[in-house]
Amino acid sequence: MAALNVRGTVRVPGDKSISHRALMLGALAEGESSVRGILDSADVRSTRSVLNALGADIPELGSVTTIAGGGLKGLRASGSALDCGNSGTTARLLAGLVAGNDFTSRFVGDDSLSRRPMKRVAEPLTYMGARCEFDRDDGLPMTVHGAGLRSIDWETGSSSAQVKSAILLAGLTSGVKVRVTEKRRSRDHTERMLRAMGVDVENDGTQVCLRPARRLAPLDMDIPADPSSAAYFAALCTVARNGVLDLPEVCLNPTRSGFVEALSRMGGDIEVISASFSGEESTGTLRVRSAELTGIEITEEEVPALIDELPLLACVAAAAGVELVVTGAQELRAKESDRIATVVSNLRSVGAQAEEHPDGLRVWGGRRTLGGSVDPRGDHRIAMAFGILGAATGNRITVESRECVGVSYPAFWTDLSRVAA
Ligand code: S3P
């Protein structure tokens, strides 16, 4: 096997979830928000263009993005359908945001997004008083007829930051109290950002309560580096023969740190060498060194904090030749692709041993040289996970339609070739 060396520093781009929310809440603030380090990717551009179609005034995304907020009731009807592209966060959060406005909005998206479930947001919004119509049984296109909404106390029975945030945004723009109870705590960026803007939002783990706010103070924030993007390089460095890599300014929010915890449990060597705060979010530099790994099991309670990193974790197990068992992760089937099926079929096609379960997967087998072609089915996280597997020692893997990484990390391939020698 050739010895893979991984050295240097990668400042991965701004966090995708936080970037979406900064644009949405900045558009609703009173006054001018200043957002530094926003992620400029296809998904965040979708949020920008939908907000602008609704009457917001958000300039091209840059190193500093200045947003002139129009207030909580500042949006108006769009003359055309709202194209959310590939972005579930855009469609689901903005459905909540427009539901309390007295106008109609039609949401459309690409083929992948059109297949993803939207009833999970339509149900609580309908309960609050909006009317949501589907062209088909579920998914996009979806038309939301906004109305004056009423208060809600909603139990999701699942763990989804997108559903929770849609309800919070509907409550915010219609001035009613909302409470959401989840099965497990999902990422809490919406709550943190709202708090920074002066809103009374309590979050005691699985229960979130938002009280009516009259106005949002503008944002003045630095977007931390995306832990989901940093995870690819942490994984690469871990499985390298010789690796030391620094990943600065990574968001250390505990609702997002599941990958670092899982990798550490496998024997990975990751330390936080400096930590600070960026608004309501904590950030830090991760220093990663190569390490020998062992197998682990991931169970339902851990899933929300590493849901987007599970395809990568499967590739890490395959690269290291250790066993990984994931259960309680059926939500993976409702992502940009059916990620259980996509990961397992692609692992098999490059020669790894893997099997699908209804709610998860298993990867096993000794360390071996893997090779072949991978079809990520247009899913950015699958393309990047297999990009890492391909770069790992001795593996010859070709990832098809590599450009799909543009929805979350346009410079991924360039950054990968810079640090892996
Ligand atoms: C996101 C929430 C998660 C995650 C997605 C981004 C968000 O989805 O998978 O990539 O920004 O709120 P769910 O809330 O559907 O789990």
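Start at 1 and go down the list; that is how both ligands and their atoms are numbered. Hydrogens, waters and symmetry mates play no part in the numbers below; they use all other heavy atoms, side chains included.
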Would you mind listing which atoms of ligand 1 come within a distance below 4.0 Å of any non-hydrogen atom of Thr89? 1 (C), 6 (C), 7 (C), 11 (O)

Taking salt bridge (charged side-chain N to carboxylate O under 4.0 Å, His left out) as the definition, give me every residue that meets it alongside Arg187, ordered by chain and number, with sequence neighbours left out. Asp308

Heavy atom of the protein closest to atom 12 (O) of ligand 1 (residue, atom name, distance): Arg21 NH2, 2.7 Å

Nitrogen or oxygen atoms of Lys16 and ligand 1 under 3.5 Å apart: no

Set out, in order, the CA-CA distance, both residues' side-chain angles and the distance that settles side-chain hydrogen bond (donor to acceptor under 3.5 Å, both in side chains) for Thr398 and Ser373, then state yes or no. CA-CA 5 Å; Thr398 311; Ser373 179; 5.5 Å; no

Is the shortest side-chain heavy-atom distance between Leu28 and Leu97 below 4.5 Å? yes

When you measure from atom 11 (O) of ligand 1 to every protein heavy atom, which one gives the shortest distance, and what is it? Ser17 OG, 2.7 Å

Closest non-hydrogen protein atom to atom 1 (C) of ligand 1, residue and atom name please, with distance? Gln162 NE2, 3.5 Å

If we count only N and O atoms by modelled type, under 3.5 Å, do the side chains of Arg377 and Ser345 hold a donor and an acceptor together? yes

Do ligand 1 and Ser160 have nitrogen or oxygen atoms that lie under 3.5 Å from each other? yes

Between Leu93 and ligand 1, does any nitrogen or oxygen pair lie at a separation below 3.5 Å? no

Output yes when the distance from some N or O of ligand 1 to some N or O of Arg381 is under 3.5 Å, and no in every other case. no

Run the numbers for me: atoms of ligand 1, each under 4.0 Å from some heavy atom of Lys335, listed by number. 3 (C), 4 (C), 8 (O), 9 (O), 13 (P), 15 (O), 16 (O)

Check the side chains of Glu309 and Ser228 for a donor-acceptor pair under 3.5 angstrom, ignoring hydrogens and angles. yes

Pairs where residues 32-46 contributes a residue and the test salt bridge (charged side-chain N to carboxylate O under 4.0 Å, His left out) is met, not counting sequence neighbours: Lys16-Asp43, Arg36-Asp220, Arg36-Asp222, Asp40-Arg45

Under a 3.5 Å threshold, yes or no: a donor from one side chain and an acceptor from the other, between Ser337 and Asp379? yes

Give a yes/no verdict on whether any heavy atom in Lys164 is under 4.0 Å from an atom of ligand 1. no

Given side chains that start at C-beta, do those of Val272 and Thr285 come closer than 4.5 Å, heavy atoms only? no

If we only count N/O pairs under 3.5 Å, is Asp308 in contact with ligand 1? yes

